[in-house]
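So that the names make sense, note that chain A is the first sequence line, chain B the second, and so on, each numbered from 1. Since this is a predicted model, take the numbers as computed values, not measurements.
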4 protein chains.
Amino acid sequence: MLLNLDPRSHIPIWEQVVNQVKELILKELLLPGEKLPSVREMSSMLLINPNTVSKAYQELERQGIIETLRGKGTFVLQSIVPKADEQKIEALRQALKQLVIESSYLGIEKESFLKWAESYLKELGGGTDCAESSSDS
Amino acid sequence: MLLNLDPRSHIPIWEQVVNQVKELILKELLLPGEKLPSVREMSSMLLINPNTVSKAYQELERQGIIETLRGKGTFVLQSIVPKADEQKIEALRQALKQLVIESSYLGIEKESFLKWAESYLKELGGGTDCAESSSDS
Amino acid sequence: MLLNLDPRSHIPIWEQVVNQVKELILKELLLPGEKLPSVREMSSMLLINPNTVSKAYQELERQGIIETLRGKGTFVLQSIVPKADEQKIEALRQALKQLVIESSYLGIEKESFLKWAESYLKELGGGTDCAESSSDS
Amino acid sequence: MLLNLDPRSHIPIWEQVVNQVKELILKELLLPGEKLPSVREMSSMLLINPNTVSKAYQELERQGIIETLRGKGTFVLQSIVPKADEQKIEALRQALKQLVIESSYLGIEKESFLKWAESYLKELGGGTDCAESSSDS
DNA sequence: GTGGTCTAGACCACG
DNA sequence: GTGGTCTAGACCACC
């Protein structure tokens with residue numbers, strides 16, 4: 001559970017936590033049913049306020065990724081069902097388009113961009129069907 | 001200069017303006033040397049606060065995309081040189097990675113994601129040989 | 001005494017126990033004078049903490065529904081007298097009102113809501129003439 | 001915008017705000033497009049912390065009932081679409097069942113319970129098609 | 001021990 | 001002016 005937080009980033013800390021937990025789960029470094037550090041543990045590990053961790057956990061629960069059992073703690077859900085929210089997909093497409101625009105202004109070649117995308121997709125998606133390919137990043 | 005602004009979007013309006021101007025330039029709907037509407041014109045066209053337009057123009061100037069000539073107006077720069085800022089590239093890579101993660105939780109297939117990326121890359125890069133001319137800085 | 005507990009529910013487990021015992025009594029699946037499982041038995045049956053069962057029993061006793069005889073065990077009271085606590089009635093009305101509001105936002109038809117209410121009322125009140133016998137306190 | 005908050009209630013204050021705003025909208029005391037008091041105004045009106053109001057507004061936005069425009073304020077959405085979430089409907093049914101059980105222990109007659117339900121349904125639902133019936137509580 | 005709520009007060013970005 | 005985020009510290013309910 002070593003998360004990389006950047007307090008200077010414009011992305012709120014709680015959202016950085018959300019993102020990185022989601023990444024850890026996809027990479028199977030956090031397994032279904034596994035217990036997350038308690039809010040207090042996490043906050044002292046990351047040197048952030050417990051409320052910030054709490055907000056991150058609540059958001060993850062709202063997204064159907066983790067669950068909290070009263071008095072027990074917080075756990076990764078057994079079955080994380082991808083829900084194909086059309087609005088979110090459209091937002092993602094827009095974000096992707098914007099990234100492409102930015103990459104052009106940064107002088108990034110098309111091939112590089114696609115290569116990166118493929119590499120990230122393999123890195124994560126590999127875990128779903130074949131675990132051995134998840135480490136060849 | 002018909003921009004699509006969404007006041008409900010969580011992306012700041014000034015940033016939406018910046019993004020769409022950059023897109024228009026890439027698509028050659030705004031040509032080098034062309035004059036942009038004045039801050040007042042733009043703000044009344046888009047029904048937004050002049051300060052917002054001003055902030056967008058300042059950001060575009062900061063990024064080396066447009067220039068303001070006092071008393072003359074604001075113009076698209078003749079040569080927009082992609083500056084390969086390593087930090088920005090790394091940030092873009094992170095953003096791309098995050099998009100890939102989100103797409104996984106939305107149940108989007110790898111092929112779809114790559115297809116979209118390719119389509120956007122072609123859409124922009126196709127109109128101009130921006131990639132080849134990116135080294136003549 | 002097969003209770004359906006959901007550790008994921010936001011209703012505290014002790015309260016779920018209280019609710020379901022009250023339901024069993026109304027449905028005459030638990031009869032007046034009948035002995036409840038001991039705290040230990042119940043906790044091992046339900047795989048929950050004995051303290052949780054204990055809290056549920058205390059609450060049921062506080063509500064005048066069961067009684068604990070030292071050394072003998074815990075029993076359903078012979079005569080459960082509905083006590084028309086005005087405050088609780090008002091709270092119930094508020095809760096009902098809130099349910100109606102929620103049902104509206106969920107797009108539930110008035111008829112459906114009333115049908116459900118009637119069905120539940122019949123389900124419970126039908127088995128016993130609780131309403132008529134409610135005045136013999 | 002006179003809300004009745006009960007700090008002693010077990011329902012969190014932010015949730016009480018959410019509930020009552022939803023009620024005001026159903027009763028057409030808050031109209032689509034109307035501006036809600038700012039977070040600061042509301043917090044000073046209700047004598048609660050701005051963060052508490054903020055949490056309530058965020059929840060209302062998450063439920064698709066209001067929207068916030070950056071720097072402008074918070075507004076009731078034009079079209080509030082009831083979304084028939086099956087899980088939430090089932091939870092509502094359970095809550096209704098529980099209310100029926102409670103009403104029995106409080107000695108409430110079936111007819112009273114149904115009468116109340118009908119009255120609340122008419123009070124709110126009346127606003128949808130005929131405004132004149134909304135005041136005959 | 002666990003998470004949830006509330007307060008107070010500060011800082012920031014947006015328009 | 002608006003809302004959003006973060007911190008610090010307190011209190012509570014649950015198990």
Side-chain angles (χ1 to χ4, degrees), chain A residues 5 7-17 35-43 46-58 60-61 66-75, chain B residues 5 7 9-17 43 46-56, chain C residues 5 7 9-17 43 46-56 59, chain D residues 5 7-17 35-43 46-61 66-75:
Chain A
L5 300 185
R8 274 162 284 168
S9 164
H10 284 177
I11 301 172
I13 295 177
W14 64 265
E15 201 169 338
Q16 295 182 41
V17 173
K35 185 180 183 302
L36 292 171
S38 79
V39 168
R40 290 161 172 80
E41 280 171 6
M42 188 73 114
S43 71
L46 302 177
L47 301 174
I48 60 179
N49 191 289
N51 287 337
T52 307
V53 179
S54 186
K55 180 159 189 178
Y57 279 13
Q58 283 176 39
L60 283 164
E61 183 166 20
I66 66 177
E67 66 179 346
T68 74
L69 302 185
R70 285 179 316 290
K72 294 281 183 67
T74 307
F75 302 84
Chain B
L5 299 186
S9 163
H10 283 180
I11 300 171
I13 294 177
W14 66 262
E15 201 170 337
Q16 294 182 44
V17 173
S43 69
L46 302 177
L47 302 173
I48 59 179
N49 194 306
N51 290 334
T52 308
V53 179
S54 183
K55 178 157 188 177
Chain C
L5 300 185
S9 164
H10 282 180
I11 300 171
I13 293 177
W14 66 264
E15 201 169 338
Q16 295 183 43
V17 173
S43 68
L46 303 177
L47 301 174
I48 59 179
N49 193 307
N51 290 333
T52 307
V53 179
S54 183
K55 176 156 190 177
E59 176 63 17
Chain D
L5 300 186
R8 273 162 286 168
S9 163
H10 284 178
I11 301 172
I13 295 176
W14 64 264
E15 202 169 337
Q16 295 181 42
V17 173
K35 183 178 184 303
L36 292 171
S38 79
V39 168
R40 289 162 172 81
E41 279 171 8
M42 188 73 115
S43 70
L46 303 177
L47 302 174
I48 59 179
N49 191 289
N51 287 336
T52 307
V53 179
S54 185
K55 180 161 187 176
Y57 280 14
Q58 283 176 39
E59 174 64 16
L60 282 164
E61 184 167 18
I66 65 177
E67 65 178 348
T68 75
L69 302 185
R70 283 179 317 290
K72 294 279 184 68
T74 307
F75 302 84

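Residue A:Arg70 places at least one side-chain N or O under 4.0 Å from the OP1 or OP2 atom of F:dC15. The side chain of D:Lys55 places an N or O atom within less than 4.0 Å of a non-bridging phosphate oxygen (OP1 or OP2) of E:dT5. In this model, the phosphate group of F:dT2 is approached by a side-chain N or O of D:Ser38 to a distance below 4.0 Å at OP1 or OP2. Contact annotation: D:Gln58 reaches the phosphate of F:dG4 (side-chain N/O to OP1 or OP2, under 4.0 Å).
Rounded to the nearest 0.5 angstrom, A:Thr74 OG1 and A:Glu67 CD are separated by 9.0 Å. Atom CG in A:Leu36 sits 7.5 Å away from atom CG in A:Leu60 (nearest 0.5 Å).
A residue-by-residue look at D:Ile11 and A:Gly71 shows that A:Gly71 has its nearest nucleotide of DNA chain E further toward the 5' end. When each of D:Gly73 and A:Trp14 is assigned the nucleotide of DNA chain F bearing its nearest heavy atom, the one mapping closer to the 5' terminus is D:Gly73. Remark on DNA chain E: of its neighbouring residues A:Thr68 and B:Thr52, the 5'-side contact belongs to A:Thr68, judged by nearest-heavy-atom nucleotide.
Here the P atom of nucleotide F:dG4 and the NE2 atom of B:His10 are 8 Å apart, to the nearest Å. Rounding to whole angstrom units, CD of residue A:Glu61 and P of E:dT2 are separated by 17 Å. Going from atom CZ of A:Arg8 over to atom P of E:dA13 covers 15 Å, rounded to whole Å. Rounded to an integer number of Å, the gap from C:Leu47 CG to F:dC15 P is 15 Å. Straight-line distance from the CD atom of D:Glu59 to the P atom of E:dG4: 14 Å, rounded to whole Å. Rounded to whole angstrom, the span from the CD atom of A:Glu15 across to the P atom of F:dT5 amounts to 8 Å. Put simply, CG on D:Leu46 is 14 Å from C1' on E:dC6, counting in whole angstrom units. Per the geometry, NZ belonging to D:Lys35 stands 8 Å off C1' belonging to F:dT2, to the nearest Å.
Here the closest heavy-atom approach between residue A:Gln58 and residue D:Lys55 is recorded as OE1-NZ, 4.1 Å. Pairing each heavy atom of A:Ser9 with each of A:Gln16, the nearest pair is CB-NE2, 3.6 Å. Scanning all heavy atoms of the two residues, the minimum distance from B:Ile13 to D:Arg70 falls at CG1-NH2, 3.3 Å.
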Which atoms of nucleotides 9-12 of chain E (N or O only) lie under 3.5 Å from a protein N or O atom, and what are those distances?
residue, atom, partner, partner atom, Å
E:dG9, O6, D:Asn51, ND2, 3.1

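Every side chain to side chain contact (heavy atoms under 4.5 Å, CB included) that A:Asn49 has, sequence neighbours left out, goes to A:Asn51, A:Thr52. Looking at residues two or more places apart in sequence or on another chain, you find no side chain to side chain donor-acceptor pair (under 3.5 Å) involving A:Glu15. For A:Glu61, the side chain to side chain contact (heavy atoms under 4.5 Å, CB included) partners at least two apart in sequence or on another chain are A:Ile66, A:Thr68, C:His10. A:Glu41 meets the side chain to side chain contact (heavy atoms under 4.5 Å, CB included) test with A:Pro37, A:Ser38; sequence neighbours excluded.
Both key distances under 3.5 Å define a Watson-Crick or G-U pair, and stretches of 3 or more such consecutive pairs in DNA chain F run E:1-14 with F:1-14.
At a threshold of 4.0 angstrom between heavy atoms, the contacts of C:Ile13 are confined to the sugar-phosphate backbone, with no base atom among them.
With E:dG3, E:dC14, F:dC6 as the choices, the nucleotide that has an atom nearest any side-chain atom of A:Pro12 turns out to be F:dC6.
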